[in-house]
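Along the sequence shown, residues are numbered consecutively beginning with 1. Atoms within each ligand, like the ligands themselves, are counted from 1 in listed order.
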Amino acid sequence: MSEKSFNAFKMAQQQFDNTADKLGLDQATRDLLRTPLREYSFSIPVRMDDGSVKVFRGFRVQHNDSRGPCKGGIRFHPLETLDTVRALAMWMTWKCSVVDIPLGGGKGGVICDPHHLSEREQEGICRGWIRQISYNIGPFQDVPAPDVMTSGQHMLWMLDEYEKIHQGKYPGMITGKPVGVGGSLGRTEATGYGVIYTVREALKDLGLDIKKSRASFQGFGNVSQYAIRLFVEYGGTPVCVSCWDQEDQTSYSFRKTDGFDIDELLEITDRFGGINKEKAKSLGYEVLPGDAWLEQEAEILVPAALENQITGENVSKIKPSVKLISEGANGPTTPEADNYLKEKGIYIVPDFLANAGGVTCSYFEQVQCNMNYFWTKQEVLHNLDTKMTSAYRAVADLAKKQNIYMRDAAYMISVQRVAESCRIRGWV
Ligand code: GLU
């Protein structure tokens with residue numbers, strides 16, 4: 001695939017096709033799983049602060065619900081496309097399957113840039129999104145959650161609109177809600193912590209000491225921030241982190257080779273994860289180009305921004321010191337770069353395993369909402385660690401047993417489970 005014509009959905013289909021070949025899936029199962037079950041694309045008219053009306057484009061894709069209701073986040077991004085949402089919905093199906101939770105895969109999005117929208121305008125988009133799709137989602141159909149540039153506040157506006165339409169209380173219709181209004185303790189930390197639970201296990205398999213490990217992170221949003229926190233708690237050294245600079249419309253990397261302090265960085269970070277360059281320099285950070293996070297002397301790389309980041313063009317810049325890549329983002333590595341990593345023998349924890357902590361905690365949130373009994377943070381994180389560790393173990397064991405790449409092993413386990421549930425339901 002040419003890197004220039006990168007299309008996340010084509011990449012997701014290619015990954016699926018390779019797995020279908022390995023598993024010897026029949027044609028009907030392939031046809032069913034390589035495209036989404038249902039797709040919605042709609043207009044969301046919003047009254048802006050200046051009195052004008054702006055029409056935004058919204059999407060929801062339900063890839064597969066044979067193992068349970070569809071599940072997946074809603075992204076707000078200016079470059080969102082139906083194809084990206086399709087890819088992400090498919091990856092959600094594999095993600096829920098690899099951690100063995102009773103949910104399918106879905107994803108949503110809105111083409112918009114929250115950097116340029118007031119709180120009130122964002123509320124308008126959230127409520128409008130729900131009004132367009134409120135009869136096609138719900139606690140037993142499809143359950144949204146936060147994702148890139150959406151938060152608990154967005155989820156609560158959506159829940160509120162849904163409850164107005166359906167005249168009742170339905171806390172299980174959406175997850176990632178704020179604590180106190182149906183949210184789970186630990187949900188904010190879950191994705192980032194989950195990434196590091198898998199890093200901890202992978203380092204054990206590689207015979208590396210986390211206390212002697214350095215890591216470089218791409219992105220400084222929710223996933224990356226909590227991943228860095230737990231990595232430091234385990235004794236690791238974060239040496240570099242990159243983030244998007246809204247003003248310059250490019251990204252920068254911030255480096256301190258003897259390790260940086262996340263709290264110090266957070267003090268100079270805006271609510272979208274943008275780090276102030278001048279203030280960082282005065283605190284002793286080297287400010288480097290956006291790609292520099294990839295070229296660091298470190299044992300671990302954690303891409304935790306967007307898809308299509310480690311490509312055929314930059315993958316060879318990865319230093320020989322790098323032994324492990326744990327993909328906090330969805331689809332950060334293109335197939336061309338992936339082949340290179342495979343050849344070089346760099347150990348990877350693939351995206352839909354590494355970042356499954358968020359949706360696993362969302363599942364716990366649903367369970368707590370159904371029981372109307374909320375767990376302590378310690379219980380949530382303990383159960384999350386158990387789920388993530390056993391999912392990692394199953395994938396790593398299969399990879400070792402069959403001498404296959406970690407991504408291939410994760411795909412084989414996930415797709416097999418979904419294909420089987422379609423089969424025993426009598427769909428194929
Ligand atoms: N947006 C997160 C993901 O991509 C979480 C989804 C969820 O909690 O449903 O995994």
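- No side-chain donor from either of Ser242 and Gln218 sits under 3.5 Å from a side-chain acceptor of the other.
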With the criterion set at N/O pairs under 3.5 Å, what does the list of contacts between the protein and ligand 1 look like, atom names and distances included?
from: ligand 1; atom 1: 1 (N); to: Pro146; atom 2: O; distance (Å): 3.0
from: ligand 1; atom 1: 1 (N); to: Asp147; atom 2: OD2; distance (Å): 2.6
from: ligand 1; atom 1: 4 (O); to: Lys95; atom 2: NZ; distance (Å): 3.1
from: ligand 1; atom 1: 4 (O); to: Lys107; atom 2: NZ; distance (Å): 2.9
from: ligand 1; atom 1: 4 (O); to: Asp147; atom 2: OD2; distance (Å): 3.3
from: ligand 1; atom 1: 8 (O); to: Arg187; atom 2: NH2; distance (Å): 3.0
from: ligand 1; atom 1: 8 (O); to: Ser362; atom 2: OG; distance (Å): 2.5
from: ligand 1; atom 1: 9 (O); to: Lys71; atom 2: NZ; distance (Å): 2.8
from: ligand 1; atom 1: 10 (O); to: Lys95; atom 2: NZ; distance (Å): 2.7

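- Annotation: salt bridge (charged side-chain N to carboxylate O under 4.0 Å, His left out) contacts involving residues 216-239, sequence neighbours excluded, comprise Arg229-Asp263.
- Between the side chains of Asn64 and Ser66, at least one donor-acceptor pair of N or O atoms lies under 3.5 Å.
- Applying the salt bridge (charged side-chain N to carboxylate O under 4.0 Å, His left out) definition to pairs two or more places apart or across chains, those involving residues 169-179 are Glu163-Lys169, Lys177-Glu365.
- With hydrogens and angles ignored, the 3.5 Å screen pairs no side-chain donor or acceptor of Asn314 with any backbone N or O of Ile310.
- Partners of Tyr135 by ring-ring contact (aromatic ring centres under 6.0 Å, His included), not counting sequence neighbours, listed by chain and number: His166.
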